[in-house]
Undergrad: 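Handing you a structure now.
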Amino acid sequence: MPGIVIIGVQWGDEGKGKVTDLLAERADVVVRFQGGNNAGHTIVRGGETWKLHLMPSGILHPGKLCVIGNGVVIDPKVLTDELDELRRRQVDTSGLRISANAHLIMPYHKLLDDAGEIKLGKLQIGTTRRGIGPCYADKAARLGIRVQDLLDEKILKKKIVAALEPKRLSLREYAKDPQLDLQTMTEEYLTYGHRIEPYVADTSRIVLEALDRDELIVFEGAQGTLLDIDHGTYPFVTSSNPVAGAACIGAGVGPKDIDEVWGITKAYGTRVGAGPFPTELDGPLADELRDRGGEYGTTTGRARRVGWLDLVALRYAVRLNSLTALVVTKLDVLSGQRVLKVCTRYRGEDEAEFDHFPWHQTVLHHVVGEYRELPGWNEDLRDCRSEDDLPEAARSYLQFIADFVRVPVALIGVGPGRDEVIWTRAGAGMHGSAAAVTA
Ligand code: GDP
Ligand code: IMO
Ligand code: MG
């Protein structure tokens with residue numbers, strides 16, 4: 001049975017939560033491998049909506065082994081709140097396992113995230129202000145505090161002192177903030193430690209043993225390829241690697257344990273936060289797509305920027321992630337457009353043309369999209385359950401995308417609900433019921 005990685009191939013919010021929940025039906029283990037509660041993964045089932053930030057999107061399947069891997073940064077308050085909320089809604093969370101090596105978001109990380117953004121002023125990244133960047137920075141500086149440190153008061157206190165020391169200057173204005181009081185912080189975090197202790201485990205071993213038993217593992221990414229700290233639109237990125245390769249590091253498995261990589265893209269583009277977005281739209285069309293698609297952040301509620309589908313960026317993501325299949329979500333949102341545009345090339349200053357994603361930040365900031373116009377459709381797609389149900393123009397739109405990036409479409413989203421999907425022949429292997437697969 002394969003290890004399958006699910007990642008976003010745009011700027012996040014592509015529908016990873018929904019796809020992971022769908023695949024979790026067949027999977028034995030679901031593993032989150034990077035990011036933190038900057039993520040907001042929505043699952044809509046039977047009229048109920050779930051917004052998960054740290055919990056792997058397999059958690060709604062009773063007892064399913066759901067792993068928060070070592071590559072994730074955990075805000076333990078958010079984690080325990082999420083556990084409480086799930087229990088309140090009668091979800092069985094007994095399958096949760098948390099890596100002892102995952103790093104913790106501390107109160108000072110959130111303050112530093114805030115302060116950093118305020119200091120940047122107009123140049124700010126538009127982070128989620130959840131402390132993600134400062135936490136990963138401490139991890140790299142070897143000043144991080146890990147889940148296992150919560151289990152020993154002495155060690156925890158020592159590590160907090162060591163982590164705070166080099167930050168004195170930047171935290172000066174918060175000196176009197178009660179959150180930063182050593183004793184208060186230690187006690188608060190020890191309490192979280194008691195709560196999560198039953199879930200703490202050697203998760204890399206758990207995943208490896210499942211692979212040895214030939215089980216199906218879904219590695220669930222957060223954010224998206226263009227937010228990758230190495231390959232994205234730096235510095236307007238997150239502080240982890242949302243690309244597929246990071247699944248190995250963030251879960252503790254080797255590259256040979258990954259058999260498939262599914263890239264999730266919307267049928268158009270969105271971005272939340274600052275940074276280049278070559279196909280961005282504004283005006284009434286942007287407002288219409290934002291409203292139809294409900295494009296408001298799951299985590300921060302911010303209105304998402306909206307644009308046409310960018311195939312130059314998608315081809316770049318295909319290359320970075322070795323995609324084996326595409327999932328195109330939110331096709332339903334495009335109904336009612338007479339013409340649909342897809343970006344097939346960038347044009348820069350001096351009429352320079354770019355078939356490939358530019359490596360130079362200044363170039364990228366100045367490019368605009370060149371478009372191919374494709375016919376739109378008026379039909380409502382939400383009841384379509386097979387490719388044959390789709391209007392001809394919708395099928396051609398998908399075919400154009402697949403041909404351009406040379407990756408087959410395995411799954412199509414036609415609504416937020418978990419049943420509002422179309423499995424194609426390319427996705428058949430991952431689908432529980434062969435009957436729903438179109439010929
Ligand atoms: P994630 O972060 O990648 O998991 O995505 P989010 O949950 O942040 O945002 C995706 C949004 O689109 C959520 O509100 C989903 O319920 C919704 N969604 C997912 N797939 C579809 C689809 O095919 N059609 C429509 N209309 N909505 C979808
Ligand atoms: P999911 O998993 C969309 C964006 C922020 C900001 C940048 C850096 O739901 O797709 P950070 O707080 O990570 O330091 O912010 O990254 N960002 C996301 N955008 N979806 C996400 O997650 C995001 N997580 C972070 O808006 O531009
Ligand atoms: Mg999201």
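Indexing begins at 1, ligand by ligand and atom by atom, following the structure's order.
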Undergrad: If we only count N/O pairs under 3.5 Å, is Val44 in contact with ligand 1?
TA: no
Undergrad: Return the closest protein heavy atom for atom 4 (O) of ligand 1 as residue, atom name and distance.
TA: Gly17 N, 2.8 Å
Undergrad: Cut-off 3.5 Å, side chains only: do Asp228 and Asn241 have a donor facing an acceptor?
TA: yes
Undergrad: Go through the steps to decide whether His103 and Val147 satisfy the test side chain to side chain contact (heavy atoms under 4.5 Å, CB included), and finish with yes or no.
TA: CA-CA 6 Å; His103 282 247; Val147 166; over 6 Å; no
Undergrad: Polar-atom distance check: Glu420 versus ligand 1, any N or O pair below 3.5 Å?
TA: no
Undergrad: Can you pull out the closest protein heavy atom to atom 2 (O) of ligand 1? Residue, atom name and distance to 0.1 Å, please.
TA: Gly40 O, 2.8 Å
Undergrad: So, Asp92 versus His61: side-chain donor-acceptor pair below 3.5 Å or not?
TA: no
Undergrad: Can you find a heavy atom in the side chain of Glu420 that is under 4.5 Å from one in the side chain of Cys384?
TA: no
Undergrad: Quick one: nearest non-hydrogen protein atom to atom 21 (C) of ligand 1, plus distance?
TA: Gly415 O, 3.4 Å
Undergrad: Who are the residue neighbours of ligand 2 when the rule is a heavy atom under 4.0 Å from any of its atoms?
TA: Trp11, Gly12, Asp13, Lys16, Asn38, Ala39, Gly40, His41, Ile125, Gly126, Thr127, Thr128, Ala222, Gln223, Leu227, Val237, Thr238, Val272, Gly273, Arg302
Undergrad: Would you call Met55 and Leu79 a side-chain contact if the rule is heavy atoms closer than 4.5 Å?
TA: yes
Undergrad: Pairing donors with acceptors under 3.5 angstrom, does anything connect the side chains of Thr279 and Asp310?
TA: no
Undergrad: Does ligand 1 have any atom that is closer than 4.0 Å to a heavy atom of Ala39?
TA: no
Undergrad: Please assess His41 against Thr20 for the test side chain to side chain contact (heavy atoms under 4.5 Å, CB included), listing each intermediate value before the final yes or no.
TA: CA-CA 9 Å; His41 295 180; Thr20 303; over 6 Å; no
Undergrad: Distance alone, cut at 3.5 Å: any donor-acceptor contact between the side chains of Gln337 and Glu288?
TA: yes
Undergrad: Considering distance alone, does some N or O of Lys16 sit under 3.5 Å from an N or O of ligand 1?
TA: yes
Undergrad: Just do the ring-ring contact (aromatic ring centres under 6.0 Å, His included) check on Tyr189 and Tyr192 with the steps written out, would you?
TA: CA-CA 5 Å; Tyr189 273 66; Tyr192 298 137; 5.2 Å; yes
Undergrad: For Arg304, take its heavy atoms, then give the atoms of ligand 1 lying under 4.0 Å from any of them.
TA: 8 (O), 9 (O)
Undergrad: Does the pair Ile74 and Ile98 meet the rule for a side chain to side chain contact (heavy atoms under 4.5 Å, CB included), with working shown?
TA: CA-CA 10 Å; Ile74 300 175; Ile98 303 169; 3.6 Å; yes
Undergrad: Return yes or no for this condition: an N or O of Gly12 is under 3.5 Å from an N or O of ligand 1.
TA: no
Undergrad: If you have a sec, work out which protein heavy atom is nearest atom 18 (N) of ligand 1 and how many Å separate them, to one decimal?
TA: Lys330 CE, 3.8 Å
Undergrad: What residue and atom, counting heavy atoms only, is the protein's closest point to atom 15 (C) of ligand 1, and at what distance?
TA: Thr42 CB, 4.0 Å
Undergrad: Distance alone, cut at 3.5 Å: any donor-acceptor contact between the side chains of Thr299 and Asn38?
TA: no
Undergrad: Judged by modelled atom types alone, do Arg129 and Thr300 share a side-chain donor-acceptor pair under 3.5 Å?
TA: no
Undergrad: Under a 3.5 Å distance rule, please check whether Asp28 uses its side chain to pair with a backbone N or O of Leu216 as donor and acceptor.
TA: yes
Undergrad: Side chains of Thr42 and Trp50 only: does a donor on one sit below 3.5 Å from an acceptor on the other?
TA: no
Undergrad: Looking only at protein heavy atoms, which one is nearest to atom 26 (N) of ligand 1, and how far off is it?
TA: Asp332 OD2, 2.7 Å
Undergrad: For ligand 1, indicate whether the residue Ile43 contacts it via side chain, backbone, both or neither (heavy-atom separation under 4.0 Å).
TA: neither
Undergrad: Can you list, by chain and residue number, the protein N, O or S atoms under 2.8 Å from the Mg ion (ligand 3)?
TA: Asp13 OD1, Gly40 O
Undergrad: Return a yes/no value for Val333: is any of its N or O atoms, backbone included, closer than 3.5 angstrom to an N or O of ligand 1?
TA: no
Undergrad: Is the shortest side-chain heavy-atom distance between His109 and Arg130 below 4.5 Å?
TA: no
Undergrad: Please write down residue, atom name and distance for the protein heavy atom closest to atom 10 (C) of ligand 1.
TA: Asp13 O, 3.6 Å
Undergrad: Is it true that Trp11 and Phe277 have ring centroids separated by less than 6.0 Å?
TA: yes
Undergrad: Strictly under 6.0 Å, is that where the ring centroids of Phe357 and Tyr316 end up?
TA: yes
Undergrad: Which atoms of ligand 1 have any heavy atom of His41 under 4.0 Å away?
TA: 1 (P), 2 (O), 4 (O), 7 (O)
Undergrad: Decide yes or no on side chain to side chain contact (heavy atoms under 4.5 Å, CB included) for Leu309 and Cys343, but give the supporting numbers first.
TA: CA-CA 6 Å; Leu309 183 63; Cys343 171; over 6 Å; no
Undergrad: For Lys18, take its heavy atoms, then give the atoms of ligand 1 lying under 4.0 Å from any of them.
TA: 19 (C), 20 (N), 23 (O)
Undergrad: For ligand 1, which atoms, with element, lie under 4.0 Å from some heavy atom of Gly413?
TA: 23 (O)
